[in-house]
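Have a look at the structure below before the remarks.
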Protein chains: 2
Amino acid sequence: MAPDRNRRRIPDATVSRLPVYLRILGEQHDLGVDSISSDRLAELGGVNAAKVRKDLSYLGSYGTRGVGYEVAYLIFQIQRELGLTHDWPVVIVGAGNLGQALSGYGGFGARGFPVAGLVDVDASKVGTLVGGVRVRSIDELPQIVQSKRVSIGIVATPTASAQDAADRLVAAGVTSILNFAPTVLSVPPSIEVRKVDLAVELQILSYHEQRRIAGGAATTAARPRAVSAS
Amino acid sequence: MAPDRNRRRIPDATVSRLPVYLRILGEQHDLGVDSISSDRLAELGGVNAAKVRKDLSYLGSYGTRGVGYEVAYLIFQIQRELGLTHDWPVVIVGAGNLGQALSGYGGFGARGFPVAGLVDVDASKVGTLVGGVRVRSIDELPQIVQSKRVSIGIVATPTASAQDAADRLVAAGVTSILNFAPTVLSVPPSIEVRKVDLAVELQILSYHEQRRIAGGAATTAARPRAVSAS
DNA sequence: CGGGCTTTGTGAACGCGTGCACGAGTGCCT
DNA sequence: AGGCACTCGTGCACGCGTTCACAAAGCCCG
């Protein structure tokens with residue numbers, strides 16, 4: 001067992017690209033491609049070839065000069081590095097629009113993240129079936145987390161309940177959280193939190209659109225919009 | 001009128017944080033807070049105070065030394081910079097799980113991104129009502145985009161159809177795309193694309209979980225742990 | 001078996017973003 | 001009016017990530 005494997009710290013930027021490489025490699029593997037060059041991988045991934053090589057070099061020297069990378073082997077190495085050699089069951093808090101969509105989306109299970117549970121505070125929702133998953137009470141959270149060995153929680157509640165959901169997840173023993181609510185969650189520093197905020201994404205696009213238009217003309221003094229939070 | 005306002009390029013990292021500040025400022029405004037310091041704003045936003053000040057300084061010198069920032073005025077300035085002084089209607093391609101959830105989520109319209117249309121290739125879905133929005137044929141895309149002045153498109157299709165959806169959006173005249181499909185879209189360079197990939201987010205969390213486990217043994221020699229039987 | 005072609009792996013330079021530290025400006029209190 | 005406490009705005013240094021460029025290494029072919 002090579003001990004340097006764990007010691008090596010992979011830059012965040014690289015970690016966020018490894019899943020992309022992994023998906024592309026999987027597609028190529030399905031197409032019967034055995035070997036792939038960093039150039040081709042870069043083209044398919046929409047990035048720089050040098051970046052691909054540097055990213056992959058953090059995993060080790062798994063390429064063959066003059067040839068490229070063996071697809072199957074590289075897939076295995078990336079999976080191992082990302083910890084995808086086994087499943088990571090997730091629990092979803094919030095059975096609203098988003099929670100239902102996430103439960104119904106089969107892509108999670110297929111990619112190694114089966115939905116171990118879907119919980120909600122609303123008693124009227126408990127027991128209903130959503131995308132093949134039965135909604136359970138949020139009080140069952142600790143039991144679900146422990147019995148199913150869940151370490152990743154997904155917050156899909158309205159903004160107002162997000163912090164409570166996070167607190168309950170942490171109390172139940174979850175150590176990573178994917179947050180869809182537009183709020184900054186306050187959690188212990190040992191907990192890993194990632195945020196997906198659709199409004200932020202749209203507003204970034206809005207910035208570029210506005211910039212595109214405002215290229216030459218002066219900004220029109222528009223009326224300020226209503227400033228409601230939620 | 002200051003002409004440098006349009007010329008000034010705001011760093012990407014700052015642009016991605018402005019929406020966060022904006023949301024917090026809106027909340028504070030609703031709470032009756034008139035003035036806020038960079039320190040407080042940083043605390044609520046989970047970032048560094050110096051970063052807040054530097055970010056806001058790109059907009060101009062809108063703060064008052066010794067006091068802080070006037071909440072209402074700062075909201076207006078950020079909105080103006082982000083182009084949020086008017087609505088940006090969006091069109092959603094794909095009426096599956098995700099497309100339906102997005103349409104049903106009222107938060108978009110409330111934040112200035114009303115759903116101008118929801119289209120799908122599947123003729124059997126056309127005409128059905130989803131979250132108050134009627135599903136229309138994808139052939140109507142050009143008409144929707146032009147009549148409603150849509151410049152932002154959302155790709156919520158399965159992976160296989162995502163490129164086609166993007167092509168149609170671009171052909172219809174959309175200039176920004178928010179892509180939920182796990183694929184690299186190939187579009188003309190003038191088109192702004194942002195990607196939201198849930199699987200990637202989960203895999204990043206997986207990496208840290210895996211690292212957490214593997215790290216306990218012989219890895220982090222940096223921090224001395226309690227010396228027990230090795 | 002050697003030369004040429006291909007592609008990896010990486011040292012080094014560059015650029016961007018972050019965080020510190022401090023000067024400068026503002027309001028309040030005596 | 002003067003001093004003091006507070007907070008913004010920003011120059012500067014540092015670190016991370018990106019990109020270039022090239023040596024090292026493997027394959028193929030005559």
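Excluded from the calculations below are hydrogen atoms, water molecules and symmetry mates; all remaining heavy atoms, backbone and side chain alike, are included. So you know, we letter chains A, B, ... as the sequences are listed, proteins then strands, and number each from 1.
Checked against S38(B) for a side-chain hydrogen bond (donor to acceptor under 3.5 Å, both in side chains), the options R53(B), K54(B), E43(B) give a single hit: R53(B).
A search for side-chain hydrogen bond (donor to acceptor under 3.5 Å, both in side chains) contacts involving S206(B) returns W88(A), not counting sequence neighbours. Residues passing the side-chain hydrogen bond (donor to acceptor under 3.5 Å, both in side chains) test with Y58(A): none are found, sequence neighbours excluded.
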Derivation of the side-chain contact (heavy atoms from CB on, under 4.5 Å) call for L141(A) and V91(A): CA-CA 8 Å; L141(A) 201 51; V91(A) 62; 3.7 Å; yes
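Residue pairs meeting the side-chain hydrogen bond (donor to acceptor under 3.5 Å, both in side chains) criterion with at least one member in residues 164-174 of chain B, sequence neighbours excluded: Q163(B)-D167(B), D164(B)-R168(B).
Between L59(A) atom CG and dT8(C) atom C1' the separation is 14 Å, expressed in whole Å. dT7(D) atom P lies 7 Å from atom CG of D39(B), rounded to whole Å. Summarising the geometry, the separation between CG on L74(B) and P on dG9(D) is reported as 10 Å, rounded to the nearest angstrom. The nearest whole Å value for the distance from the NZ atom in K51(A) to the C1' atom in dC16(D) is 13 Å. The nearest whole Å value for the distance from the CD atom in E43(A) to the C1' atom in dT7(C) is 16 Å. Between the CZ atom of R40(A) and the C1' atom of dT8(C) there is a distance of 18 Å, given to the nearest Å. We find that CG of D55(B) is positioned 13 Å from P of dT10(D), with the value rounded to whole Å. We find that CG of L56(B) is positioned 12 Å from P of dT10(D), with the value rounded to whole Å.
Closest-nucleotide positions on DNA chain D for N48(A) and G66(A) were compared, and the one nearer the 5' end corresponds to N48(A).
The side chain of Y69(B) places an N or O atom within less than 4.0 Å of a non-bridging phosphate oxygen (OP1 or OP2) of dG9(D). Proximity of S38(B) to the phosphate of dT7(D): no side-chain N or O atom is located under 4.0 Å from OP1 or OP2.
Among dC8(D), dT8(C), dG19(C), the nucleotide with an atom closest to any side-chain atom of S37(B) is dC8(D).
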Between the protein and nucleotides 11-13 of chain C, list every N/O to N/O distance that falls short of 3.5 Å.
from, atom 1, to, atom 2, distance (Å)
dG11(C), O6, K54(A), NZ, 3.4
dA12(C), N6, K54(A), NZ, 3.1

Please write out each protein N/O paired with an N/O of nucleotides 21-23 of chain D under 3.5 Å, distance rounded to 0.1 Å.
from, atom 1, to, atom 2, distance (Å)
dA21(D), N6, R53(A), NH2, 3.4

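Across all non-hydrogen atoms, the minimal contact from S103(A) to I92(A) is OG-CD1, 3.8 Å. Pairing each heavy atom of A166(B) with each of V187(B), the nearest pair is CB-CG1, 4.3 Å.
Backbone-only contact: R17(B) has heavy atoms under 4.0 Å from sugar-phosphate atoms and none from a base.
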Taking only distance into account, with no hydrogens and no angle test, what donor-acceptor pairs under 3.5 Å do side-chain atoms of residues 170-180 of chain A form with protein atoms, sequence neighbours excluded?
from, atom 1, to, atom 2, distance (Å)
T175(A), OG1, E209(B), OE1, 3.0
T175(A), OG1, E209(B), OE2, 2.6
S176(A), OG, E209(B), OE2, 2.6
N179(A), OD1, A181(A), N, 2.9
N179(A), ND2, A181(A), O, 3.2
N179(A), ND2, T183(A), O, 3.1

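Aromatic ring centres of Y62(B) and Y73(B) lie closer together than 6.0 Å.
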